[in-house]
Every structure is written in C-alpha cells, then in structure tokens.
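Here is the structure we will look at, set down as structure tokens.
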Amino acid sequence: MAAIQRIKGFADLFAPDSDAFSFMEGVGREVFAAYGYTELRTPIMEHTELFSRGIGTETDVVQKEMYTFPDRKGRSLTLRPEATAGVMRAYIEAARHSQEQVSKFFTYGPMFRYERPQKGRMRQFHQINCECIGASEPLADAEVILMLMRFLTGIGLTGLSLELNSLGCRECRPVYNKALIEYLTALDPEKLCEDCRRRLTANPLRVLDCKVPGCKEMTKDAPVIAEYNCPACQEHFLVVLRILQEAELPHVLNPRLVRGLDYYTRTTFEVVSSTIGAQASVAGGGRYDGLVAQLGGPDLPGVGFACGMERLSLMLGERALPGLDFYLAVLDESALESAMNIAQELRVQGKRGEVSFSARSLKSQMRQASRLKAKYCLLLGGDELAAGTVTVKDMENGSQTTVKREALAESL
RNA sequence: GCGGACGUAGCUCAGUUGGCAGAGCACCUGGUUGUGGCCCAGGGGGUCGGGAGUUCAAGACUCCUCGUUCGCCCCA
C-alpha cells in the first residue's frame with residue numbers, strides 16, 4: 001500500500017518544534033491580557049464574500065490565493081486567508097459594540113493561502129492576531145504597537161526593525177492617489193511593469209511597493225503620502241510617533257510601506273527581521289477605520305496586527321526536549337504490572353517519567369533511560385518486588401540507594 | 001504564476017567513463033546471569049521519490065511526473 005503524503009505547503013509539527021508554538025502562545029496570552037485583551041476563537045471557514053468584501057477584490061490574496069470551494073449545497077466557502085475579517089464578522093454578529101465602547105481581542109490559529117511554499121511561507125500558516133475595535137484615538141494605535149513589540153521582546157527576539165507609515169483616511173487618500181496617478185502618467189506609464197499598470201487604476205498605492213527596477217525608478221521621486229495627509233491624519237500620526245518616542249521604542253518611517261490588504265487607513269506598521277531570508281516581514285498591521293462598516297456593521301474604527309508564527313519560530317532557534325524525572329526499568333516479567341502502578345503514583349505526584357512495557361535486558365533499559373535524559377533510573381526486579389522497595393540510581397553520578405515504595409516520590 | 005538547485009537506509013550524505021547499493025550517525029543484540037554514557041563484535045533495515053524511454057546492462061543518460069528547497073512574486 002502506498003503511503004499517503006501530507007498536502008503540499010502543510011506541515012506536521014513534532015516536538016520540540018511544536019513547543020515553540022505553545023511557548024509563543026503562552027507569552028502572548030500573558031502579554032495581551034496585560035493590555036486588556038481577551039481570546040476570541042473564530043471558525044477557520046467563512047463565506048467567501050466576507051473576504052472579498054473585507055480584504056478587497058483587487059488584492060492578490062483574494063484574486064489568486066484563496067482556498068475556495070463550494071459546499072454540498074453549492075455555497076461558496078473559503079478557508080480564512082487572514083484573521084481580521086472573521087474577527088470583525090464575529091464582533092458584528094454578536095453586536096459587541098452595544099456591550100462595550102472598545103473591544104480588544106486576540107486570536108491564534110491557522111490561515112490558508114495557496115502560494116508557492118518557501119522558507120517562512122506555508123500554505124497553512126499560523127498567525128497571532130490582535131484587534132482593538134471602537135477606538136479612533138491615536139493612543140489606541142500606539143498601544144497596539146507597544147503591545148506587539150512587548151510581545152516580540154517577551155519571546156526573546158531582538159534586532160527587529162519597526163517600520164511605520166500613514167496611509168491617510170477616506171478624505172485625503174483619494175487626493176494622494178490622484179497626485180500619484182498624475183505624476184506617474186505624466187512620466188510614462190508604459191515604463192511600469194504589467195502589474196503596476198493595472199494597479200495604477202485599481203490600487204495606485206501598491207505601485208510604491210513594487211520591486212521591479214523600472215517601477216522603483218519611476219517612483220523614486222514620486223509624491224510622498226505624508227505630505228498629502230489631511231491635518232487630522234497628520235496630527236493623528238504625530239501623536240502615535242510621539243508616544244513611541246517617549247517609550248523609547250526605536251522605529252523608522254517608511255513612506256513606501258503599503259499593506260497588501262485594502263482595508264488599512266492611517267497608521268500602518270510592519271516588523272522586519274534581517275535574519276530569516278526573503279520572507280522577512282514577521283508582523284504587520286495598522287488601522288482599518290472603514291472595515292467594520294464595509295462588512296455591514298456600525299461605522300466603527302479599529303486597529304490591530306497579525307504576526308506570523310512560523311517566521312517568529314525561525315528566529316527562536318533550536319529547542320531541546322526536556323528530560324525526565326525518572327525512568328522505571330523492569331527486570332522481571334512478574335514485576336511489569338506493579339511497575340505500571342508505581343509509575344502511576346509518581347506521575348500523580350507530579351513526576352515526569354517513563355516505565356518500561358517489557359522486561360528487556362537491563363542494559364537496553366538503562367540505555368533508554370540515558371537517551372531520555374532521565375535524572376533517575378528506577379529498578380524494579382524480583383528482589384525489590386518481594387521487599388516492597390525500588391532501587392534508585394542517580395544517572396549523573398551513578399550512586400544507588402534502595403528506597404521503600406511509599407517514600408519513592410520524595411527521593412526523586 | 002515564474003526561475004534555479006536537490007530527491008540513494010530513520011538522519012546526514014558518498015556512489016568514478018553506465019557494470020554486485022555503500023559510509024558515518026541512529027536503532028537492535030551480545031561482550032557484562034541485575035547496571036547507561038566510552039570501547040569492541042555482530043545484526044536488522046533500500047520499490048535508489050514515481051512512471052516511461054535509451055541500453056546486453058540505468059542510482060547514474062533522456063523525457064514526463066510528484067515532492068523538497070532557495071529566490072521572484074505576494075504576504076505575516
């Protein structure tokens with residue numbers, strides 16, 4: 001029988017790699033709780049329309065990367081390619097705005113995008129998401145950014161760069177878009193790559209983000225978005241920057257920082273690593289003031305971020321498997337069942353250990369104890385069974401004592 | 001969606017102009033009747049990713065395919 005392989009771009013995560021994920025989740029839980037966030041778990045599948053309305057039909061994510069299928073009744077469903085849209089849908093559906101002024105949620109889970117896998121990019125990947133809904137104040141932007149950076153240092157990462165930009169609001173963004181289009185059209189739109197010629201009408205901001213040399217050349221002296229922001233947007237961004245400065249949080253302004261999802265407004269940010277290869281962006285987010293309304297909810301502002309766990313995990317380095325408190329070696333067939341009960345008592349008392357399922361040669365069992373990095377190897381054979389004792393061997397110095405079964409847990 | 005590299009034992013990999021499928025590590029057993037690591041001896045493990053072709057003969061050459069990986073693109 002041929003074995004069945006896993007789906008391309010989907011990973012099995014064994015320990016100790018899986019420990020890295022629970023570690024990040026644990027730190028996240030603590031950090032996010034300190035900022036008043038509670039966990040929200042939403043389904044991994046949604047109606048396709050949620051994403052096309054939320055993320056934007058012109059984005060690559062919606063146009064060519066979604067896992068979309070009809071269900072048994074022909075409705076179009078999509079495995080979530082990102083978390084924010086689902087969180088907003090849940091928020092609206094539960095009418096949370098009528099219960100509280102500001103809602104803060106964090107969520108963990110798998111996301112799905114049909115892309116060509118490479119280092120730091122899987123088809124099923126995992127994100128940590130935080131969303132703060134209902135606050136339009138720049139303080140909310142700053143708090144979200146401070147929290148994100150606190151989380152990243154909390155899991156032990158350094159050497160990350162925080163980039164910031166402001167994309168303007170529904171008032172001033174169109175003004176900038178118009179200026180940018182005029183600038184590029186005046187130069188020579190034919191010099192732009194194929195994608196950018198389409199972007200020029202569909203989503204001109206994304207031209208700034210293009211890596212094709214010709215396009216880079218074209219946008220080198222293009223108008224800077226910050227100069228087109230309306231006074232309200234400028235003031236908003238200034239406050240955010242001032243708070244980050246006072247918190248002594250290093251950051252750089254990147255006027256070309258554009259997000260891949262259409263819903264972003266005003267503050268946007270990205271955290272970049274220089275050590276994990278081409279997929280260098282480990283977290284990104286920003287403000288999305290029109291999104292809740294776009295999805296059929298009340299017109300409420302929001303700000304949040306997403307963090308790629310695979311990429312964070314690349315920076316965490318190797319993890320070692322923890323050792324055991326004991327390994328219980330069994331030397332006589334007749335002692336196997338008692339051994340299981342002794343191990344059970346120890347485990348109930350909080351000791352971590354293994355017990356042999358068979359009375360194989362002591363040599364091989366000791367080897368096993370060594371391999372599992374057990375602090376003590378416990379020996380149970382005919383002699384011990386008769387005497388109601390267990391022989392305890394310290395695996396580090398080799399010293400050996402005989403202990404009554406009842407006193408076993410204290411001696412470990 | 002585009003380009004490059006790579007698929008041989010559980011892992012890391014060697015395999016010459018096409019000529020008996022290998023090493024190290026890991027695993028198992030023994031050397032030691034109930035004592036691990038070091039050492040020694042022995043052992044189990046392979047559809048050489050899959051399929052087709054060329055050939056007396058293919059792990060090697062050709063084509064197709066699947067997978068992995070690094071970039072591009074995109075994104076977290």
Side-chain angles (χ1 to χ4, degrees), chain A residues 1-11 24 55 59-66 81-84 108-123 125-130 148 152 160 193-196 199 206 209-213 215 257-261 268-273 276-286 304-315 327 329-332 335 359-385 391-400 402:
Chain A
M1 280 280 269
I4 295 168
Q5 295 181 305
R6 64 177 191 273
I7 302 170
K8 179 178 184 156
F10 287 59
M24 289 187 276
I55 301 169
T59 59
D60 282 24
V61 169
V62 169
Q63 286 205 331
K64 37 192 194 193
E65 295 174 358
M66 294 205 303
E82 57 101 50
T84 304
Y108 299 128
M111 309 292 157
F112 304 85
R113 289 182 201 173
Y114 193 95
E115 301 182 271
R116 184 86 171 258
Q118 67 181 76
K119 188 177 183 182
R121 186 171 75 188
M122 292 285 124
R123 286 182 177 178
F125 60 103
H126 297 78
Q127 288 190 333
I128 296 179
N129 258 257
C130 290
L148 168 61
L152 293 173
L160 295 170
C193 71
E194 200 185 315
D195 283 335
C196 282
R199 286 171 183 144
R206 296 211 54 78
D209 198 35
C210 188
K211 276 96 188 167
V212 176
C215 302
L257 176 61
V258 169
R259 316 265 56 238
L261 313 179
T268 56
F269 53 91
E270 195 163 307
V271 179
V272 181
S273 159
I276 56 168
Q279 306 304 315
S281 168
V282 299
F305 66 79
C307 226
M309 296 183 77
E310 279 80 3
R311 293 182 193 178
L312 294 181
S313 162
L314 285 173
M315 288 186 292
Y327 181 88
V330 185
L331 307 172
D332 193 312
R360 304 193 315 162
S361 78
L362 179 54
K363 179 174 184 152
S364 74
Q365 296 192 55
M366 293 280 294
R367 260 207 281 263
Q368 183 70 0
S370 242
R371 202 179 304 127
L372 295 173
K373 290 186 280 187
K375 279 211 283 286
Y376 297 97
C377 185
L378 313 183
L379 281 69
L380 186 71
D383 299 348
E384 287 87 352
L385 200 58
T391 299
V392 177
K393 173 168 177 144
D394 185 320
M395 292 300 277
E396 207 138 310
N397 58 29
S399 71
Q400 219 163 291
T402 302

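On a predicted model such as this, the values are computed, not experimentally measured, just so you know.
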- prompt: S361(A) side chain N/O closer than 4.0 Å to the phosphate oxygens (OP1, OP2) of G30(B)?
  reply: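 So the side chain of S361(A) is within the cut-off, an N or O lying under 4.0 Å from OP1 or OP2 of G30(B).
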- prompt: Is the phosphate of U29(B), meaning OP1 or OP2, less than 4.0 Å from a side-chain N or O of R360(A)?
  reply: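 It does, given that an N or O in the side chain of R360(A) lies less than 4.0 Å from OP1 or OP2 of U29(B).
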Suppose we define a pair by two distances each less than 3.5 Å, Watson-Crick or G-U wobble; what does [N] pair with here?
| N | result |
| --- | --- |
| A23(B) | U12(B) |
| U54(B) | none |
| U17(B) | none |
| C48(B) | none |
| A41(B) | U29(B) |
| U68(B) | A5(B) |

With sugar-phosphate meaning primed atoms plus P, OP1 and OP2, does [X] contact a base, only sugar-phosphate, or nothing at under 4.0 Å between heavy atoms?
| X | value |
| --- | --- |
| L312(A) | nothing |
| Q365(A) | nothing |
| D332(A) | nothing |
| E384(A) | base |

Pick the [atom1] atom in [N] and in [M], then give their distance to the nearest Å.
| N | M | atom1 | value |
| --- | --- | --- | --- |
| A52(B) | C40(B) | C1' | 49 Å |
| G4(B) | U65(B) | P | 14 Å |
| G15(B) | G46(B) | C1' | 15 Å |
| A76(B) | U16(B) | P | 47 Å |
| C2(B) | G51(B) | P | 26 Å |

L148(A) and C130(A): CA distance, side-chain angles, deciding distance, side chain to side chain contact (heavy atoms under 4.5 Å, CB included) verdict: CA-CA 9 Å; L148(A) 168 61; C130(A) 290; over 6 Å; no
Test side chain to side chain contact (heavy atoms under 4.5 Å, CB included) applied to E310(A) and Q279(A), step by step: CA-CA 11 Å; E310(A) 279 80 3; Q279(A) 306 304 315; over 6 Å; no
Suppose we call a contact any N or O donor and acceptor under 3.5 Å apart; does that hold for the side chain of [X] and the base of [N]?
| X | N | result |
| --- | --- | --- |
| K373(A) | G37(B) | no |
| K393(A) | U35(B) | yes |
| S370(A) | G36(B) | yes |

Let me know the distance between [atom1] of [X] and [atom2] of [N], rounded to the nearest Å.
| X | N | atom1 | atom2 | answer |
| --- | --- | --- | --- | --- |
| R367(A) | C27(B) | CZ | P | 8 Å |
| L331(A) | G34(B) | CG | C1' | 6 Å |
| M366(A) | U29(B) | CE | P | 14 Å |

task: Spell out protein contact along nucleotides 66-76 of chain B as letters: B when the base is contacted, S when just the sugar-phosphate is, - when no protein heavy atom is under 4.0 Å; keep the 5' to 3' order.
output: SSSBSBBBBBB
- prompt: Can any side-chain N or O of R6(A) pair as donor or acceptor with the backbone N or O of A11(A) at less than 3.5 Å?
  reply: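 A pair under 3.5 Å: no.
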message: Check whether Q365(A) reaches the backbone of R360(A) with its side chain - one donor and one acceptor, N or O, closer than 3.5 Å.
response: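 Answer holds: yes.
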Within-4.5 Å side-chain heavy-atom neighbours: F10(A) and M122(A):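 No, their side chains stay 4.5 Å or more apart.
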Sub-4.5 Å side-chain heavy-atom contact between E396(A) and K375(A):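 When only atoms from C-beta onward are counted, K375(A) and E396(A) do not touch, as no gap falls below 4.5 Å.
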- prompt: Taking the nucleotide of RNA chain B with the closest heavy atom to each, which residue, S364(A) or L379(A), is nearer the 5' end?
  reply: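 Final value for this comparison: S364(A).
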- request: Take Q368(A) and G398(A), find for each the nucleotide of RNA chain B with the closest heavy atom, and name the residue whose nucleotide sits nearer the 5' end.
  value: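 The residue closer to the strand's 5' end, by nearest nucleotide, is Q368(A).
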